[in-house]
Amino acid sequence: MSETRFDPSVADGRWQRAWAEAGSFRADSQSPKPKAYILEMFPYPSGRIHMGHVRNYTMGDVLARYLKMRGAEVLHPMGWDAFGMPAENAAMEKGVHPGDWTRANIAQMKAQLQRLGFALDWSREFATCDPEYYGHEQALFLDLYEAGLVYRKESTVNWDPVDMTVLANEQVIDGKGWRSGAEVEKRKLSQWFLKITDFAEELLQGLESLENWPEKVRLMQENWIGKSQGLEFSFDLSDGATLPVYTTRPDTIFGASFVAIAADHPIAQRLGEGDPKIAAFIAECQKGATTAAALETAEKLGYRTALTARHPFTGAPLPVFIANFVLMEYGTGAVMGVPGHDQRDFEFASKYGLPILRVVARDPSEADAPFAREAEAGDGVIVNSDFLDGMSVAAAKQAVIARAEAEGWGRGTTVWRLRDWGVSRQRYWGTPIPFIHCEACGVVPVPRDQLPVTLPEDVTFDIPGNPLERHPTWKHVACPQCGKPALRETDTLDTFVDSSWYFLRFASQPADKPFDPEEVAKWLPVKHYIGGIEHAILHLLYARFWTRALARIGKLNLTEPFAALFTQGMVTHETYSRIDAARGVPVFYGPEEVSRTAEGATLIADGAPVEIGRVIKMSKSKKNVVDPDAIIARHGADAVRWFMLSDSPPERDLPWSDAGIEGCARFVQRLWRLFKAHDPAATGEDQALARKAHQTIAAVAGDIEALAFNKAVARIYELAGAIEKAAPSASRSEAIRTLAQLIAPMMPHLAEEAWAAMGNTGLVAESAWPEADPALLVEDEVTIAVQHMGKLRDTVTAPKGADRATLEALALAAPNLQRSLAGAPVRKVIVVPDRLVNIVT
RNA sequence: GCGGGCGUGGCGGAAUGGCAGACGCCGGGGACUUAAAAUCCCCUGAGCUUGGCUCGUGCGGGUUCGAGUCCCGCCGCCCGCACCA
């Protein structure tokens with residue numbers, strides 16, 4: 001122990017090699033120990049890891065290392081979500097093959113992760129772009145097809161006519177393609193769908209069992225699934241047709257004053273064919289964004305058609321509008337408008353001068369009360385509604401549904417917001433969908449013995465369109481049924497399919513099938529699943545669905561894959577910018593270009609100030625990124641890991657700061673000095689320090705189990721401070737040894753270095769977590785707050801567990817309390833044992 | 001628009017309804033040093049008539065012996081809302 005400083009550039013690599021050689025983190029499914037599967041959402045191999053990854057994987061690593069020390073057999077794997085658009089973008093921009101680009105990125109990122117010393121079982125590593133993986137995925141897709149859970153239907157996509165490609169919503173900016181700038185068209189394509197709606201009720205019910213998921217995520221999924229119950233019925237139209245509508249408020253049916261249909265409703269389309277003005281209005285509606293948020297914020301627009309609809313009870317003719325706020329995808333694409341009790345309808349009716357009728361009131365006496373500036377969507381009693389008058393909203397709903405069903409013109413239905421999952425992507429870099437289109441036989445599955453259907457390597461991205469589509473030979477195959485020339489499906493699977501079962505493959509990797517259900521049962525469900533909140537809905541819902549679907553077809557005995565979910569916050573950083581005088585737009589500068597002091601920031605290049613902007617998520621466009629590699633090279637892995645765990649609660653955003661990481665690096669050295677002071681020969685007891693050490697063992701364990709890493713960090717700072725202040729003793733040496741173990745999950749390299757230097761044999765990573773002595777956890781003296789009328793006046797020291805009378809007497813004797821009382825008579829004394837005494841006068 | 005979350009020192013944040021500000025960062029003062037770095041010690045919510053008192057957890061009310069915490073009403077900020085991963 002001669003070094004004066006801990007040198008991570010030497011120690012980090014030494015211990016990383018030691019763990020690898022010892023196979024410390026290989027998960028053994030045969031082990032008799034209790035199993036714990038710790039999983040962080042696997043990364044997309046974009047090229048370099050970013051601080052968000054570092055934070056995510058550090059949290060999982062602390063749990064994995066801690067649970068190992070607590071005696072668990074831990075599975076903590078890592079792999080790559082390797083298909084997706086960025087690889088194709090890179091191919092177009094740099095002329096590099098998506099596969100080459102992806103594999104180079106994986107190699108680079110793996111090395112980066114290894115430099116952070118994560119306790120990962122690399123023997124289970126795979127990438128979703130490995131033909132072995134996506135071949136198994138194709139087999140699973142065929143299984144689901146055979147079970148009737150996969151089908152094809154026409155669906156509308158964003159089509160870029162210049163790039164000849166389908167665009168994601170985020171690639172459509174102001175109605176134009178992000179790359180080409182061309183006006184985006186809506187196009188109908190025949191696409192593949194998974195029947196997730198078959199599982200809507202199950203997925204909704206299943207949320208209740210996910211007690212260790214954030215309430216927020218469960219609520220988001222619940223809203224996404226969007227179960228609603230109401231009435232479906234048809235209006236008779238003035239032209240003799242019928243118009244089915246769906247409403248969740250059948251109780252307000254007597255308040256209907258118009259009917260509205262979606263712009264892409266078949267009736268609207270039909271009317272548009274005969275009337276250029278209607279056609280123009282429909283085109284206008286389709287121009288804008290189509291997300292629910294955009295539609296509901298946009299001004300309500302309608303076109304009054306010549307049609308009227310006959311009210312089922314009153315027979316009154318209601319005008320039929322084509323309206324921009326009605327969604328074809330939800331319900332029947334048509335609604336009855338009740339302006340008095342629906343805000344959208346209210347705005348629409350106000351704009352077009354339609355009657356606003358009151359059918360719900362707080363009290364029957366207010367049946368004719370006027371409306372304020374908005375609809376009244378709340379509960380109340382039904383008025384102005386014939387046979388419904390006097391009923392509650394809930395009773396009236398049932399009454400209308402019952403009447404409609406009895407009279408045969410409508411029925412109570414459940415409508416879901418959840419739609420089937422469209423998995424077709426007209427792109428190259430994804431899992432080929434294993435089907436063949438034959439003119440004679442139709443859609444034919446690829447025979448199992450011909451899997452995997454692999455991607456052709458010889459493709460280029462220099463011209464627009466899908467390379468699979470224009471490849472000279474790849475799609476031309478013989479029909480497996482009739483043998484005649486046929487065409488391969490050229491769509492590939494949504495990458496969310498790849499991430500819907502990867503956690504099963506980590507647990508078990510047979511060559512001849514996707515996974516072995518018995519092996520899976522040993523590890524699943526995942527004990528802690530950690531990732532970003534951005535996956536709250538899609539990925540997590542799809543993975544839950546995929547698990548249930550595989551269970552339904554008998555491939556798996558599992559309903560929920562993730563027992564506990566944790567969503568960590570983002571890593572943020574200040575932004576530095578100046579307004580470009582010529583163009584009037586901000587120009588951003590990276591942290592490495594800027595000199596930051598307590599007073600402000602200046603650009604190193606010219607010494608003039610730059611503006612310090614908001615602290616936001618690290619992003620390339622704002623240039624506020626800090627590269628983990630540079631930080632590791634400078635401060636070592638442990639300082640970075642410690643920073644990731646310090647201060648901010650893990651679910652909240654973590655603001656990166658240079659001062660903060662420097663503080664962490666200083667603490668690493670401070671601990672090293674402390675470890676060097678370990679003296680195995682020291683004798684004598686230090687009760688107070690021993691107590692502190694054992695309290696810290698229990699507290700840190702509790703904090704890690706609650707994922708409150710910031711609190712565990714604070715505890716460790718406190719213990720380190722206490723050890724530094726203490727005089728040498730056997731207790732102190734013991735506390736120092738304990739400290740090395742407590743930091744082992746968080747700062748594993750320093751912990752190993754210290755552990756070895758103290759003369760321990762074996763790796764601290766494989767040592768048993770210290771036992772907290774219950775006798776040392778409780779204090780024998782406590783400080784009691786002495787209050788007068790709820791205000792703190794003094795404190796007294798009392799033995800732990802002292803009775804009420806003792807505490808009251810001690811408190812009343814406290815000099816500052818006496819001064820405050822000033823002789824006033826005591827009316828009441830409140831005693832909270834071991835905490836406080838409050839005197840009321 | 002709908003749904004959800006969050007507001008505590010200069011900053012990140014602690015606090016089963018019971019001593020508000022643990023712990024860290026920044027800042028200030030001191031020790032050591034020829035000097036610096038490193039390290040160590042002390043101070044660090046605001047105000048005041050400073051051995052102590054008053055105020056203080058976004059704002060306004062309420063419940064309670066006692067409210068950052070519970071209830072009611074506001075204000076502000078952030079996130080999600082179906083082809084990015």
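Reckoned from all heavy atoms, side chains included, excluding hydrogens, waters and symmetry mates.
One finds no salt bridge joining A:E347 and A:R344 here, because no Lys/Arg side-chain nitrogen approaches an Asp/Glu carboxylate oxygen to under 4.0 Å. Comment: A:K195 does not engage A:D420 in a salt bridge, judged by the lack of any side-chain N to carboxylate O separation of less than 4.0 angstrom. Electrostatic pairing of A:E534 and A:K617 does not count as a salt bridge here, judged by no charged N lying under 4.0 Å from a carboxylate O. A:R670 and A:E724 are joined by a salt bridge, as a carboxylate oxygen and a charged side-chain nitrogen come within less than 4.0 angstrom of each other.
Put simply, A:K791 has a side-chain N or O that comes within less than 4.0 Å of OP1 or OP2 on B:rC55. For A:T495 and B:rA85, the shortest distance from a side-chain N or O to OP1 or OP2 is below 4.0 Å.
Rounded to whole Å, the distance from CZ on A:F496 to C1' on B:rA82 is 10 Å. Distance, A:N816 CG to B:rG52 C1': 8 Å, rounded to whole Å. Whole-Å rounding puts the A:L327 CG to B:rG1 P distance at 17 Å. A straight line from CE of A:M41 to P of B:rC84 spans 17 Å, rounded to a whole angstrom. Rounded to whole Å, atom C1' of B:rC23 lies 17 Å from atom CZ of A:F709. B:rA15 atom P lies 19 Å from atom CG of A:L836, rounded to whole Å. What separates CG of A:L219 from C1' of B:rC81 is a distance of 12 Å, to the nearest Å. Following rounding to the nearest Å, A:D834 (CG) and B:rG18 (C1') show an atom-to-atom distance of 12 Å.
For A:L792, the listed nucleotide lying nearest its side chain is B:rC19; candidates were B:rC19, B:rA22, B:rA85. Each of B:rC84, B:rC25, B:rC65 was ranked by its minimum atom distance to the side chain of A:A659; first place goes to B:rC25. Comparing atom distances between the A:R793 side chain and each of B:rA82, B:rG3, B:rC53 picks out B:rC53 as nearest. For A:E718, the side-chain atoms get nearest to B:rA22 when compared with the rest of B:rC81, B:rC84, B:rA22. Comparing B:rC23, B:rG3, B:rA82 against the side chain of A:N223 picks out B:rG3 as the nearest. For A:K216, taking side-chain heavy atoms from C-beta onward, the closest of the listed nucleotides B:rC79, B:rC65, B:rU54 is B:rC79.
The same atom, P, is picked in B:rG13 and in B:rC25; the two are 16 Å apart, to the nearest Å. Rounded to whole Å, the separation between the C1' atoms of B:rG18 and B:rG68 comes to 13 Å. Across B:rA35 and B:rG52, the matching P atoms stand 40 Å from one another, rounded to whole Å. Separating the C1' atom of B:rC71 from that of B:rG21 is a span of 26 Å, rounded to the nearest Å. Spacing between B:rA46 and B:rG10 at atom C1', rounded to whole Å, works out to 13 Å. For B:rC72 and B:rG4, the P atoms lie 14 Å apart once the distance is rounded to whole Å. The separation of B:rG73 from B:rA20, taken at their P atoms, amounts to 30 Å, rounded to a whole angstrom. Between B:rU44 and B:rG29, the distance separating the two C1' atoms is 11 Å to the nearest Å.
Cation-pi geometry between A:R218 and A:W213 is not satisfied (NZ or CZ under 6.0 Å from the ring centre, within 45° of the ring normal).
Residue A:E215 is classed as having no contact, given no heavy-atom separation below 4.0 Å to the nucleic acid. Here A:S46 lies out of heavy-atom contact (under 4.0 Å) with every strand. Residue-level contact check: A:E662 touches neither bases nor backbone, having no heavy atom under 4.0 Å from any strand. Nucleic acid contact for A:I533: none, since no nucleic acid atom lies under 4.0 Å from a heavy atom of the residue. Nucleic acid contact class of A:W224 (heavy atoms, under 4.0 Å, all strands): base. The residue A:R819 sits close only to the backbone: its heavy atoms come under 4.0 Å of sugar-phosphate atoms, none of a base. Residue contacts for A:D81: at a heavy-atom cut-off of 4.0 Å it reaches the sugar-phosphate backbone alone, with no base atom in range.
Nucleotide B:rU57 is matched to nothing when pairs are restricted to Watson-Crick or G-U wobble geometry with both distances under 3.5 angstrom. Using the Watson-Crick or G-U wobble rule with both distances under 3.5 Å, B:rU39 pairs with B:rA31. Checking B:rG1 for Watson-Crick or G-U wobble geometry (two distances, each under 3.5 Å) identifies B:rC81 as its partner.
Counted by atom type alone, A:E574 and A:W656 present zero donor-acceptor pairs between their side chains at under 3.5 Å. A donor atom on one side chain and an acceptor atom on the other are not found under 3.5 Å apart for A:T492 and A:R427.
For B:rG62, the O4'-C1' to base torsion is more than 90° from 0; the nucleotide is therefore anti.
The environment of A:R634 atom CZ is sparse: at most 12 non-hydrogen atoms of other residues, nucleotides or ligands sit within 6.0 angstrom.
Side-chain contact between A:L719 and A:Q695 is absent, with no heavy atoms from C-beta onward closer than 4.5 Å. A:L418 is listed as a side-chain neighbour of A:W224, based on a closest heavy-atom distance under 4.5 Å. Residues A:T841 and A:H788 have side chains in contact (heavy-atom distance under 4.5 Å, counting atoms from C-beta outward). Contact annotation: the side chain of A:L210 never approaches that of A:L565 to less than 4.5 Å [non-hydrogen atoms, C-beta and beyond].
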Can you check each nucleotide of nucleotides 38-49 of chain B against protein heavy atoms at under 4.0 Å and return B for base, S for sugar-phosphate only, - for none, in 5' to 3' order? -SS---------
Check: protein-nucleotides 11-14 of chain B nitrogen or oxygen pairs below 3.5 Å:
unit_1: B:rG12; atom_1: O2'; unit_2: A:S648; atom_2: OG; d: 2.7
unit_1: B:rG12; atom_1: N2; unit_2: A:D647; atom_2: OD1; d: 2.9
unit_1: B:rA14; atom_1: OP1; unit_2: A:N710; atom_2: ND2; d: 3.4

